[in-house]
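First up is the structure itself, then whatever we jot down about it.
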Amino acid sequence: MASGKNDELLFDHNHDAVDRRGFLKCMAWAGTGALCVVQGGVLKSFSLSDAQSRHAKGDLSFVQISDSHMGFNKAANPDVAGTLQAAVAKINALTDPAEFILHTGDITHLSKPVEFDQVQQILRSAKPKEIFFVPGEHDVLEDDGQQYRERFGKNTKGSGWYSFDKKGVHFVALVNVMNLKAGGMGLLGTDQLAWLEDDVRHLSNSTPIVVFAHMPLWNIYPEWGWGTDDSAQALSYLKRFGSVTVLNGHIHQTMQKVEGNITFHTAASTAFPQPQPGKADSAGPMKVPAEQLRSLLGVSDVNYMRGKRALAVIDSTLQ
Amino acid sequence: MKRKLILATGLLLAIVVVLAGLYRTLKRRPVQASAVEIKIDNFNFAPATLVVRKGTQITWTNRDDIPHTVVEDDKTFKSKVLDTDEKFTFTANRTGTYRYYCSIHPKMTGKVVVE
Ligand SMILES: [Cu+2]
């Protein structure tokens, strides 16, 4: 667990970080653990060493894992199976058991059947038996995602989007890694946008919404393609809801932003870290000393408490 | 004296014009080799713009730890997914400008001009 003095330097620990314009950034870079929660429109951040963050028992608890990149074997992590197993062990050890798992894509590195097989094999040992997936660009290579959908998207629409409800929370799984355009970033496309608009149409404004997709649905760093070209359109359908949580992967580091009623969060990878935006020549795998690796990989524990405006996300590392 | 100065200035100007023309020609001149390489490094095609003669064989090599593809905008050529050190070859038999990108990381774009 990444706890200790270092984490605390990154956050406002007066616990009263209020931005009057209703816009606030709370970033947790790779290697730190943080809990960011909005209560009554005020974002508060705690480090994981803060006892307050640990007894926040919610009405619904689930975990997000991301970017397992099974099949990757380069210097940045020669044992991605081992670190995925460590992530599963972490999930199984939670004091408040997770009800299900979200995997936000890049399940495999090269879309190979053996890579998918291995991930499914490892995830079988997870206590939560229900796992929801969205594809990353690495899962739909060569076949436009056909194999991915045969394995994980049997009853989905289009290229693999779907929605479901859990304890009054509406979950929407979006696909933004298909038919990417030259010079662009992630893409949802008009068919999916039309479906999304229709999917949330019947919901009341007080329904908590969780949207998950592989690539960030906010523009983190367009120079590296870290965003989605038509995400603003998707978010416009969600503006009327009191609580919207957007969970993404792809950038292999944790980051949070709160904008109005929408809380954005990206999860760490279970395979290898990537550099902070613009801090390297490219977004490629970041090589770190072996003993540091697990402190830069992680899982995210998400808690929903009835009556609270946003879901609480606790990132923890694999160390 | 004044005539000489005018003559010298004129000569100098002429030399500059000729050199500039030569430079432009050289710069525009397609790569002469029958086979050329484009490296994929750090999520970039290098060189990003390449001018070649008709019939030149172009080979892309992925030197990243992450897979990439080489896809022409109108699918004139399209590689399979290239893992580390894998190559893709296209022979430019028709003149024109070919814009291409990586379908996995579409921010990566490049251009081949065949003359
Ligand atoms: Cu690429």
Side-chain angles (χ1 to χ4, degrees), chain A residues 67 69 71-78 80 105-106 108-112 115 135-145 176-187 214-215 219 221-229 250 252 269 271-275 280-287, chain B residues 37-52 58-90 92 94 96-114:
Chain A
D67 296 87
H69 281 264
F72 180 86
N73 57 11
K74 302 298 188 304
N77 182 1
V80 295
D106 281 359
T108 69
H109 193 58
L110 294 170
S111 305
K112 290 182 180 164
E115 297 171 347
E137 71 279 6
H138 286 258
D139 302 317
V140 298
L141 303 174
E142 312 286 11
D143 69 346
D144 283 335
N176 57 358
V177 297
M178 307 277 290
N179 304 311
L180 305 182
K181 301 287 176 276
M185 303 189 286
L187 192 69
H214 178 65
M215 291 189 182
N219 286 351
Y221 197 62
E223 290 85 340
W224 284 356
W226 287 2
T228 300
D229 287 329
H250 188 61
H252 296 221
S269 163
F272 55 84
Q274 283 178 186
D281 290 338
S282 73
M286 190 166 72
K287 293 180 194 79
Chain B
E37 209 200 2
I38 296 177
K39 290 191 180 83
I40 308 176
D41 234 332
N42 267 324
F43 292 59
N44 273 305
F45 296 108
T49 299
L50 182 68
V51 183
V52 296
I58 305 161
T59 301
W60 285 262
T61 306
N62 180 13
R63 315 226 317 196
D64 274 345
D65 280 356
I66 285 289
H68 296 293
T69 64
V70 178
V71 181
E72 200 269 335
D73 287 7
D74 297 318
K75 309 274 158 41
T76 307
F77 53 83
K78 183 178 186 293
S79 77
K80 67 171 191 63
V81 173
L82 306 175
D83 198 5
T84 309
D85 294 329
E86 288 187 329
K87 293 171 191 294
F88 169 66
T89 297
F90 166 70
R94 226 179 278 173
T97 298
Y98 299 87
R99 290 170 200 283
Y100 63 91
Y101 67 110
C102 166
S103 59
I104 310 169
H105 312 103
K107 279 282 169 190
M108 296 170 57
T109 58
K111 186 167 80 175
V112 172
V113 180
V114 183

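Chain naming here is simple, since letters A, B, ... match the order of the sequence lines and numbering starts at 1 in each.
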Subject >> Any B/Lys107 side-chain heavy atom under 4.5 Å of A/Met185 side chain >> reply: yes
Subject >> Heavy-atom contact with chain B under 4.5 Å, split by part of A/Leu110 >> reply: side chain
Subject >> Within 6.0 angstrom of A/Lys74 NZ, more than 12 heavy atoms from elsewhere >> reply: yes
Original post:
Given that the side chain runs from C-beta out, which part of B/Ser103 has a heavy atom under 4.5 Å from chain A: side chain, backbone, both or neither?
Top reply: backbone
Subject >> Interchain contact, B/Asp73 with chain A, by part (heavy-atom threshold 4.5 Å) >> reply: side chain
Original post:
For the atom pair OG (A/Ser282) and NE2 (B/His105), what is the distance rounded to the nearest 0.5 Å?
Top reply: 9.5 Å
Original post:
CG/A/Asp281 to CZ/B/Phe43 distance, rounded to the nearest 0.5 angstrom?
Top reply: 11.5 Å
**OP:** Quick one: which of B/Ile104, B/Thr109, B/Thr69 has the most heavy-atom pairs under 4.5 Å with chain A, could you say?
**Re:** B/Ile104
**OP:** Check whether any side-chain N or O of A/Glu142 sits under 3.5 Å from a backbone N or O of B/Val81 as a donor-acceptor pair, and report yes or no.
**Re:** yes
Original post:
After noting the C-alpha distance and the side-chain angles of B/Ile66 and A/His109, does the key distance pass the side chain to side chain contact (heavy atoms under 4.5 Å, CB included) rule?
Top reply: CA-CA 8 Å; B/Ile66 285 289; A/His109 193 58; 3.8 Å; yes
Original post:
What pair of heavy atoms forms the shortest contact from A/Lys287 to B/Asp65, and how long is it?
Top reply: NZ-OD2, 3.8 Å
Original post:
Closest heavy-atom contact between A/Gly184 and B/Pro106?
Top reply: O-CG, 3.3 Å
